[in-house]
There are 2 protein chains.
Amino acid sequence: MKTIIDIAKAAGVAKSTVSRYLNGGPVSDETKEKIELVIKKYHYVPNTFAQSLKAKKTSIIGAIVPRLDSFATSQTLMGIDDELRIRQHQLLISNASQNLDREIEAIYELARQKISGLLLLAAQVTDRHLKAVKDCGIPVLLVGQRHTAIHSLIHDDFRAGHLMGRHVLEKGHRRIAYLGVTERDIAVGVRRKEGFNEALKEYPDCQVRYYESGFGMNEAVMAAEALLEEWKPTLIMCATDNIALGVMKAALVRRISIPSGLSVTGFGGYDITEITHPALTTVQFHYRQAGSLAAESIISLVNGETVDMITTSGCRLIERESVDNLQ
Amino acid sequence: MKTIIDIAKAAGVAKSTVSRYLNGGPVSDETKEKIELVIKKYHYVPNTFAQSLKAKKTSIIGAIVPRLDSFATSQTLMGIDDELRIRQHQLLISNASQNLDREIEAIYELARQKISGLLLLAAQVTDRHLKAVKDCGIPVLLVGQRHTAIHSLIHDDFRAGHLMGRHVLEKGHRRIAYLGVTERDIAVGVRRKEGFNEALKEYPDCQVRYYESGFGMNEAVMAAEALLEEWKPTLIMCATDNIALGVMKAALVRRISIPSGLSVTGFGGYDITEITHPALTTVQFHYRQAGSLAAESIISLVNGETVDMITTSGCRLIERESVDNLQ
DNA sequence: CTGAAAGCGCTTACAG
DNA sequence: CTGAAAGCGCTTACAG
């Protein structure tokens with residue numbers, strides 16, 4: 001491996017000049033050419049550790065994700081990665097495996113790696129998160145959840161719930177089961193439901209019951225079975241597409257046909273919902289785009305620019321075949 | 001931020017002693033205690049850049065993946081991450097977005113980051129890959145594909161194909177369409193098919209036609225539609241679960257019921273196949289476990305230990321509801 | 001525009 | 001077991 005000294009010698013200049021060339025400092029065209037030539041010849045690439053050690057900063061953005069095997073996470077990560085690449089930054093992904101402790105640890109661990117900014121895709125924000133974020137003293141952007149103390153990029157979960165609520169109500173549904181998730185997840189567990197409740201206000205005659213499921217498809221199947229045992233709604237509104245998939249499975253097993261015997265909706269816009277049978281009516285979030293936006297924002301934050309405390313990424317209703325028209 | 005000097009001063013020892021303590025060198029119990037105390041007190045963590053710069057090595061393992069939004073990739077990555085964590089190594093993920101050029105670039109880029117080992121989850125291995133691997137001079141383990149020049153960890157695709165072939169043949173299917181993928185992907189495109197062909201040898205009366213699809217679900221839907229237009233097999237054997245999902249969609253749209261009107265099988269063992277209706281018969285690969293194994297192997301390689309040039313991860317047939325019994 | 005010098009925070013022989 | 005010294009490969013004031 002060649003070092004900056006080798007290059008300097010070969011080019012007949014001082015290493016400080018080479019460094020200046022590398023960092024876009026003032027260098028005459030003549031020496032610029034000489035250096036360029038030598039660098040090409042030797043395939044020289046600066047040692048990032050030495051750079052970071054001296055310059056005391058890196059161009060690495062860290063991202064902590066609760067899990068890797070989720071459509072939303074993958075998409076968001078790809079959006080982040082794309083944008084970061086364009087802006088010459090590196091992405092360091094840390095997977096917490098749905099473990100809160102590991103999430104906190106990861107914050108400290110990434111800080112140790114001297115990342116210059118952190119993207120936090122947490123499902124919930126605890127005091128320990130807050131403390132860790134404060135301790136490590138680097139810019140942080142919360143993605144998918146909001147918190148008054150941290151810059152946040154959120155999806156419009158309330159509007160999503162409202163959109164979907166209005167849609168199914170307009171289709172004439174008046175016996176609706178809402179199959180949600182834990183309220184500790186504010187975005188998914190609370191906001192979507194609140195949006196739905198808002199739509200409900202205009203239909204006081206509508207019967208609604210609330211149920212809760214885990215995030216996994218199998219948990220959803222079981223939750224749906226229990227629900228269907230207890231009540232016969234005309235529609236089950238599911239807090240995520242995965243849960244909707246579970247509900248469809250449970251319905252099919254019971255020979256309830258969708259949508260004639262039971263309507264189902266999701267939230268997310270996962271690829272798979274397009275090819276289920278029937279295709280699922282859902283609200284699509286723009287995960288990939290949100291990822292790009294997040295990357296952009298965190299870089300602004302790192303550069304000391306002002307960024308809105310809260311940015312909202314849109315959503316859109318995709319009407320497909322899983323909701324019966326009762327009108 | 002405290003440095004090793006601050007710790008040394010506070011503990012009343014030389015910084016080399018602190019360093020020795022940190023790296024498990026010979027230190028008396030007495031000084032060990034003093035140092036420990038100070039480190040705790042100041043929450044001291046060594047600067048990784050300085051460490052790497054001096055020690056000329058890191059405990060980072062790089063992983064290049066063709067895409068992030070794939071079940072197989074996510075699972076493998078989680079397995080890798082878990083094992084690496086146990087062994088005190090860090091994982092640096094680089095996403096190539098299904099772009100061969102970016103895959104090659106990533107090899108050089110990761111080498112620049114001084115990773116100590118590389119896990120390559122490529123779908124195909126070209127001469128340019130080989131050159132890059134050679135150029136960067138670090139241990140590399142190919143995951144999911146094999147190549148004589150590189151240590152490889154593969155799934156038993158041949159056996160998977162054989163297992164599935166025998167299974168459907170024993171169920172009495174004699175008009176089979178094999179919906180495969182590009183042969184540039186040796187593991188998925190070639191080996192699985194070869195395994196199937198092997199099973200076929202015992203049933204010379206079986207009619208078989210071969211078709212090709214892309215990896216995406218929508219591409220599979222289209223491929224299946226074309227196939228069904230042209231031929232009426234009793235079973236479509238799909239090279240991946242995703243493709244099987246696409247076929248199920250196409251069949252359902254045409255009101256062909258599964259498995260009575262058409263049987264379908266997949267390969268992979270993705271979570272989703274458990275809750276499709278009917279549940280999909282498939283061959284499960286152990287992605288997560290393979291990931292752990294890969295992490296283990298690359299660390300051995302980094303440590304200069306000998307590792308088999310090729311390790312094979314198993315698979316198992318999961319018989320569910322999508323194959324009709326024609327006997 | 002250019003170079004010499006100092007220093008980033010560690011580790012590792014080398015003496016003792 | 002312990003310390004002083006050299007050095008990893010860069011960047012950044014400071015002179016010139």
Side-chain angles (χ1 to χ4, degrees), chain A residues 1-39 42-60 88 90 109 111-116 136-138, chain B residues 1-39 42-60 88 90 109 111-116 136-138:
Chain A
M1 269 293 126
K2 297 288 172 190
T3 74
I4 199 172
I5 292 216
D6 300 318
I7 305 304
K9 274 190 189 143
V13 298
K15 62 177 180 168
S16 31
T17 306
V18 177
S19 175
R20 235 175 267 115
Y21 165 83
L22 255 18
N23 295 294
V27 182
S28 74
D29 287 349
E30 197 184 347
T31 48
K32 207 175 276 186
E33 260 177 48
K34 281 193 293 187
I35 296 173
E36 203 157 341
L37 220 67
V38 179
I39 287 184
Y42 288 127
H43 290 109
Y44 168 72
V45 280
N47 179 315
T48 44
F49 295 120
Q51 287 181 311
S52 308
L53 176 58
K54 186 67 218 191
K56 294 197 167 257
K57 64 174 178 141
T58 66
S59 50
I60 305 174
Q88 319 262 39
Q90 254 249 307
E109 178 58 27
R112 186 170 121 79
Q113 309 285 326
K114 300 280 183 292
I115 56 170
S116 55
C136 74
I138 52 177
Chain B
M1 269 291 123
K2 297 288 170 188
T3 73
I4 199 171
I5 292 216
D6 300 317
I7 304 305
K9 275 189 189 144
V13 297
K15 63 176 180 170
S16 30
T17 306
V18 178
S19 175
R20 236 175 266 117
Y21 165 83
L22 255 18
N23 295 293
V27 181
S28 75
D29 287 349
E30 198 184 349
T31 47
K32 209 175 273 186
E33 261 176 45
K34 282 193 294 186
I35 295 174
E36 204 157 339
L37 221 68
V38 179
I39 287 185
Y42 288 128
H43 289 109
Y44 168 73
V45 279
N47 180 315
T48 44
F49 295 120
Q51 287 181 312
S52 308
L53 176 57
K54 186 65 219 196
K56 291 193 169 266
K57 63 175 179 140
T58 66
S59 50
I60 305 173
Q88 319 263 35
Q90 256 248 305
E109 177 58 27
R112 187 169 119 81
Q113 309 283 326
K114 300 282 184 290
I115 56 170
S116 55
C136 72
I138 53 178

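Proteins get letters first, then strands, A, B, ... in listed order; numbering begins at 1 in each.
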Table please: side-chain donor-acceptor pairs of residues 17-29 of chain B below 3.5 Å, with sequence neighbours left out.
{"unit_1": "B:S19", "atom_1": "OG", "unit_2": "B:N23", "atom_2": "ND2", "d": "3.4"}
{"unit_1": "B:N23", "atom_1": "ND2", "unit_2": "B:S19", "atom_2": "O", "d": "2.8"}
{"unit_1": "B:S28", "atom_1": "OG", "unit_2": "B:T31", "atom_2": "N", "d": "3.3"}
{"unit_1": "B:S28", "atom_1": "OG", "unit_2": "B:T31", "atom_2": "OG1", "d": "2.9"}

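Taking every side-chain heavy atom of B:I4 into account, C:dT11 is the closest of C:dT11, D:dT12, D:dG9. In the set C:dG9, C:dT2, C:dA6, the nucleotide with an atom closest to the side chain of B:K54 is C:dG9.
The side chain of B:S28 places an N or O atom within less than 4.0 Å of a non-bridging phosphate oxygen (OP1 or OP2) of D:dT2. Of the side-chain N and O atoms in B:K56, none sit less than 4.0 angstrom from OP1 or OP2 of C:dC10. Checking the phosphate oxygens (OP1, OP2) of D:dT11, a side-chain nitrogen or oxygen of A:Q51 falls inside 4.0 Å. For the pair A:T31 and C:dC1, the criterion of a side-chain N or O lying under 4.0 Å from OP1 or OP2 is not met.
In this structure, D:dC14 and C:dG3 make a Watson-Crick or G-U wobble pair, each of the two defining distances being under 3.5 angstrom.
Between the side chain of A:R112 and the backbone N or O of B:N47 there is no donor-acceptor pair closer than 3.5 Å.
A cation-pi contact links A:K2 to A:Y42, judged by a cut-off of 6.0 Å to the six-membered ring centre and 45° from its axis.
The stretch residues 11-24 of chain B comes close to DNA chain D through B:V13, B:A14, B:K15, B:S16, B:T17, B:R20, each having a heavy atom under 4.0 Å from the strand.
Using a 4.0 Å heavy-atom criterion, one finds that A:P46 contacts the sugar-phosphate atoms exclusively.
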